[in-house]
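In what follows, chains are A, B, ... by sequence order, proteins preceding strands, each numbered from 1. This structure is a prediction, so every number in the text was calculated from the model and none was measured. Values reported hereafter were calculated over all heavy atoms of this structure, with side chains retained and with hydrogens, waters and symmetry mates removed.
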Amino acid sequence: MSILNVLKEATIQSLTALYDKSFTETDFQVSQTKPEFEGNYTIVLFSLVKSLKKSPEALGKEIGDELIKNHSHIFSKYNIIKGFLNLTITDTHLLDLLNKNYNDVCFGKHEINDQKIMVEYSSPNTNKPIHLGHLRNNFLGWSVAEILKANGYEVTKSCIINDRGIHICKSMIAWQKLANGATPQSTKTKGDHFVGEYYVKFNDEYKKEIEELVAQGVSKEDAEKKAPLMQEAQTMLLDWESGKPEVIDLWKKMNGWVYEGFAVTYDRIGSDFDEKYYESNTYLLGKDIVKEGLAKGVFEKEEDGSIWIDLTTDGLDKKIVQRRDGTSVYITQDIGLAKQKYEEYKIDKSIYVIGDEQNYHMKVLKLIAEKLDLPNAKNIHHLSYGMVELPSGKMKSREGTVVDADDIVEEMIATAKQHTEELGKVKDFEEHELADLYETIGLGAMKFYLLRVDPKKRMIFNPEESIDFHGFTGPFVQYTYARIQSVLRKVDSSPLTVDSSILPHNQQPITDNLLPLEKELILTIEQYSQTIEQAATELNPSVIANYVFDLAKTFNSFYTEHSIANAECEEKRQLRLHIASMTANVIKSGMQLMGIQVPERM
RNA sequence: GGUUCGGUAGCUCAGUUGGAUAGAGCAUCAGCCUUCUAAGCUGAGGGUCAUUGGUUCGAAUCCAAUCCGGAUCACCA
């Protein structure tokens, strides 16, 4: 149990013993002591002052004495300033913690529980390659899944691939008309980029057609519908739905190219999935749901045959769930898929990583699921994230300002290479080690940059600043890790041993002799478990990013001020090597939760 | 217009179960490499926490109103 939890419980016990009343965690507040005051943890007494009608000083003294009397192994002393009771943690307790866990690579992770969670993320369209915004989605989804695993959940990563629809037909039409049989192989183009080009070409040609029609006096709206290319795309969609062989073949061929391209990108950025759903399989789902909803009176049929749900009493609008031609719409398919997910996996919670432009849609989805009484409806959770913008504003495909994922990844890795070479510290690296290192640093910088911000906020991606490897960045944390490894390597000949002389059982001289920075490091490490928990509760990897950075920063201060391998005495040396080792473990673990590798050397 | 999410240092962001003098990084300035990796460390300057009012011992944090910005409100997905 963490010190914080021990303190809370101990305080409740002390209060109960002292005042003969029952208390809960909400009756008082515990926080970390501000650096300018002596102590490590602080109990804020004001709320108790009120209910117990005692002065803060008296109250603080009584609680402080009681805590120390009963928990002398954890709390050594206290002071009271105004209404704040500042408690000091004993060195003994911290050393004990260090001794028990210094070599535990799983430190901070929670026991397996029996809850199952599905995290759906990524969800690409097969008509164009993924861009910077998708990267935020991929990194978030992957990281959240790992964070949940670290908290003991059984996690299934899933992905819905939007592989059908009018947008797919557009690139197919363009390819048929313009490609002359060109393929990714023949043009040496990555498959997803290849198909994406034809999607762009379609829109270019389509635009020309509209302009011509408008010039002939057709209204813009009509022109958009009547343009021959659009008509062809519509026809192709119908052909696809009726299973016309040549259309299906073309569709399979082009999607195949896209998947090959995606596979390369996913492999590189580290996205993976346990289950893939294809919209071409799920788009008919939801028919039975519509029937069910009608029977239950949740849905209503209009005169023209279309089916609706009225959500006005919930503050939303009316929403269509089935078209008058009997086909199901997006939202209905999603409900169908939600149901299928539950039936297949018996999940306790279903998380959707989707941009905040779909907040309304997801709200409706959940509401309909609840009204239909689907078993997992209440545990549908939309992990909404803000758009990624450029310093110049939003990315717009029309203006060609969309940042391609492959390009930006490549650029980050190239910058990592250039920067590393300038520093000139890697002369003894082998060729393949260098390639790995650049990839580790470049991708690490990228992931850290996109994950360090609260998901729900939109963020600005400044290509120049993102490539800064100093300060609150992935490479800084990676560097700290490599630095520790370097120290630990140097003492390899005398590997870390559990030297009883620094252990509390022995009551040797180190006790009550920890330096402030040593203490701060151990206390920070101790909070890793809570940090993981918080990140899981909030579904927010930035919690981890901030924590890991803070730990790395503290370590670097320590490293600069105090020698580790050449400490004043053997006990101190052992102690510091233990701290270093544990810091490295926690940094590595935290970075892995964000999908970031740490290099042994850099 | 309705709903909803944001507004914290020049820039990018932390901090909201109400707590002590609001924190980092970047940028600027001043120091620190014969010593465990200087992708580092130490220090300085920089703030009307959008505005106004309310709640109370205490508000960046809670409530109300206003201003600014984003998203959304399709028989598209």
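Applying the side-chain hydrogen bond (donor to acceptor under 3.5 Å, both in side chains) criterion to A:Y559, with sequence neighbours excluded, gives no partner residue. Scored by the side-chain hydrogen bond (donor to acceptor under 3.5 Å, both in side chains) test, A:Q231 finds no partners at all (sequence neighbours excluded). Partners of A:E538 by side-chain hydrogen bond (donor to acceptor under 3.5 Å, both in side chains), not counting sequence neighbours, listed by chain and number: A:Q534. Under the salt bridge (charged side-chain N to carboxylate O under 4.0 Å, His left out) criterion, A:K417 pairs with A:E421, sequence neighbours left out. For A:H470, the side-chain contact (heavy atoms from CB on, under 4.5 Å) criterion is met by A:H419, A:D468, not counting sequence neighbours. For A:T327, the side-chain hydrogen bond (donor to acceptor under 3.5 Å, both in side chains) partners at least two apart in sequence or on another chain are A:R323, A:D325.
Side-chain atoms of A:H361 never come within 3.5 Å of backbone atoms of A:I331 as a donor-acceptor pair (strictly under, hydrogens ignored). A donor-acceptor contact shorter than 3.5 Å is absent between the side chain of A:T554 and the backbone of A:L521. Put simply, the side chain of A:T282 never gets that close to the backbone of A:L285: no donor and acceptor are under 3.5 Å apart.
As judged by a 4.0 angstrom heavy-atom cut-off over every strand, A:M602 is placed among the base-contacting residues. A:L423 comes within 4.0 angstrom of a nucleotide base, judged by non-hydrogen atoms across all strands. Residue A:S384 is classed as having no contact, given no heavy-atom separation below 4.0 Å to the nucleic acid. At a threshold of 4.0 angstrom between heavy atoms, the contacts of A:D325 with the nucleic acid are absent. Counting non-hydrogen atoms under 4.0 angstrom, A:A482 reaches a base of the nucleic acid. Among the heavy atoms of the strands lying under 4.0 Å from A:S306 is at least one base atom, whether or not backbone atoms are also near.
Both A:A416 and A:S563 lie near RNA chain B, and the one whose nearest nucleotide falls closer to the 5' end is A:S563. Both A:N540 and A:H167 sit near RNA chain B, but only A:N540 has its closest nucleotide nearer the 5' end.
For the OP1/OP2 pair of B:rC75 and a distance below 4.0 Å, the side-chain nitrogens and oxygens of A:K319 include no atom meeting the criterion. Under 4.0 angstrom from either OP1 or OP2 of B:rC13 there lies no side-chain N or O belonging to A:S542.
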Could you write out each protein N or O paired with an N or O of nucleotides 2-7 of chain B at a distance under 3.5 Å?
| from | atom 1 | to | atom 2 | distance (Å) |
| --- | --- | --- | --- | --- |
| B:rG7 | OP1 | A:K457 | NZ | 3.3 |

Kindly give the atom pairs (protein nitrogen or oxygen, nucleotide nitrogen or oxygen) under 3.5 Å for nucleotides 61-63 of chain B.
none

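Ring centers of A:W251 and A:Y278: at least 6.0 Å apart, outside the cut-off.
Each of A:N255, A:N162, A:D163 was evaluated against A:T126; a single residue qualifies, A:N255, per the side-chain hydrogen bond (donor to acceptor under 3.5 Å, both in side chains) test.
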**Message:** Dot-bracket, 5' to 3', for RNA chain B please: Watson-Crick or G-U pairs under 3.5 Å, [ ] where pairs cross earlier ones, | where the partner sits on another strand, dots elsewhere.
**Reply:** ((((((((.[[[[.)...(...]]]].(((((.......))))).....[[[[[..)....]]]]])))))))....
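Which of B:rA38, B:rC36, B:rC75 sits closest to the side chain of A:D304 comes down to B:rC75. When distances are taken from the side chain of A:R483 to each of B:rC36, B:rA77, B:rG40, the shortest belongs to B:rG40. In the set B:rA77, B:rU37, B:rC13, B:rA77 carries the atom at the smallest distance from any side-chain atom of A:Y330. For A:Y559, taking side-chain heavy atoms from C-beta onward, the closest of the listed nucleotides B:rU42, B:rA38, B:rG40 is B:rA38. Here B:rA77 is the nucleotide among B:rC13, B:rA39, B:rA77 with the atom lying nearest to any side-chain atom of A:H361.
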Could you list the donor-acceptor pairs under 3.5 angstrom formed between side-chain atoms of residues 435-443 of chain A and any protein atom two or more places apart in sequence or on another chain?
| from | atom 1 | to | atom 2 | distance (Å) |
| --- | --- | --- | --- | --- |
| A:E439 | OE1 | A:R268 | NH2 | 3.4 |
| A:E439 | OE2 | A:R268 | NE | 3.2 |
| A:T440 | OG1 | A:D436 | O | 2.8 |

With a 3.5 Å cut-off and sequence neighbours excluded, list the donor-acceptor pairs that the side chains of residues 452-460 of chain A form with protein atoms.
| from | atom 1 | to | atom 2 | distance (Å) |
| --- | --- | --- | --- | --- |
| A:R452 | NH1 | A:F472 | O | 2.9 |
| A:D454 | OD1 | A:K456 | N | 3.3 |
| A:D454 | OD2 | A:K456 | NZ | 3.2 |
| A:R458 | NH1 | A:E389 | OE2 | 3.3 |

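Between the P atoms of B:rA64 and B:rA22, the separation comes to 27 Å (whole Å). Using atom P as the reference point in both B:rU21 and B:rC11, the two lie 27 Å apart (nearest Å). If you take atom C1' in B:rA30 and the same atom in B:rG69, they sit 39 Å apart, rounded to whole Å. Spacing of P atoms, B:rU56 relative to B:rU61, comes out at 16 Å, to the nearest Å. B:rC13 sits 30 Å from B:rG53 when the C1' atoms are compared, rounded to a whole Å. Distance check on atom P: B:rU28 versus B:rU66 gives 43 Å, rounded to whole Å.
Remark: A:R136 is not positioned above the aromatic ring of A:Y385, lacking an NZ or CZ atom under 6.0 angstrom from the ring centre and at most 45 degrees off the axis.
A:R164 and A:E241 are joined by a salt bridge, as a carboxylate oxygen and a charged side-chain nitrogen come within less than 4.0 angstrom of each other.
Look at B:rC5: its glycosidic torsion is beyond 90° from 0, and that puts it in the anti range.
Side-chain atoms of A:L48 and A:F23, non-hydrogen and from C-beta on, do get closer than 4.5 Å to each other.
Per the geometry, CD belonging to A:E279 stands 13 Å off P belonging to B:rC76, to the nearest Å. Put simply, CD1 on A:I331 is 13 Å from C1' on B:rU72, counting in whole angstrom units.
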**Complete:** Counting primed atoms, P, OP1 and OP2 as sugar-phosphate and everything else as base, the B/S/- map of nucleotides 17-35 of chain B against protein heavy atoms under 4.0 Å is B-BB---SSS---------
